[in-house]
Amino acid sequence: MTDKEEQRRFKDNLQGEVDGAAVYTALAETAYVSLESDNAVALMSVPDGKLIATMKVGKRPRGIQVSHDEKSLFVAVSDEHTIKQFDLA
């Protein structure tokens with residue numbers, strides 16, 4: 001399956017649930033999806049499209065990025081005017 005097909009499959013599994021942004025790990029095994037209305041980030045398994053966990057991150061998470069070493073997640077928390085760092089290790 002190509003990267004584009006995998007991304008399309010992931011988005012299809014989340015249809016209607018995502019109101020923020022998404023970022024994938026380098027091997028596209030895990031996706032982190034901001035859930036603005038829930039003030040949380042969802043951790044998703046890309047291969048099977050299943051929810052692994054959600055974590056509260058602050059009011060209105062918008063931009064998200066995984067560090068190059070995949071040990072940290074950075075979340076722009078819009079209503080708090082800050083960027084928060086979360087440990088993924």
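When reading the values below, keep in mind they use all heavy atoms of this one structure, side chains included, and skip hydrogens, waters and symmetry mates. The model shown is predicted, which means the values in this text are computed figures rather than measured ones.
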Self-check item: Salt bridge flag under 4.0 Å for residues Lys59 and Glu80
Solution: no

Looking only at heavy atoms, which two atoms of [X] and [Y] are closest? And how far apart?
X     : Y     : value
Thr30 : Ile52 : CG2-CD1, 4.5 Å
Pro61 : Ala40 : CG-O, 3.5 Å
Ala89 : Asp87 : N-OD1, 3.1 Å

Spatial distance of atom [atom1] ([X]) from atom [atom2] ([Y]) [nearest 0.5 Å]:
X     : Y     : atom1 : atom2 : answer
His81 : Arg60 : NE2   : CZ    : 9.5 Å
Glu70 : Glu29 : CD    : CD    : 8.0 Å
Leu43 : Leu88 : CG    : CG    : 7.0 Å
Ser72 : Gln65 : OG    : CD    : 11.5 Å

Using a 4.5 Å cut-off on heavy atoms from C-beta on, say whether the side chain of [Y] contacts that of [X].
X     : Y     : result
Ser67 : Phe74 : yes
Val41 : Leu35 : no
Val77 : Asp79 : no
Lys50 : Met44 : no

Quiz item: Taking Lys56 for the side chain and Asp38 for the main chain, is one N or O donor matched with an acceptor at less than 3.5 Å?
Solution: yes

Quiz item: So with a 6.0 Å cut-off around NZ of Lys84, is the heavy-atom count from everything else above 12?
Solution: yes

Practice problem: Assess whether atom CG of Leu51 is packed by more than 12 heavy atoms of other residues, nucleotides or ligands within 6.0 Å. | Solution: yes

Quiz item: Is it the case that one hydrophobic cluster holds both Val66 and Met55, taking links as side-chain heavy atoms less than 4.5 Å apart, direct or via other members?
Solution: yes

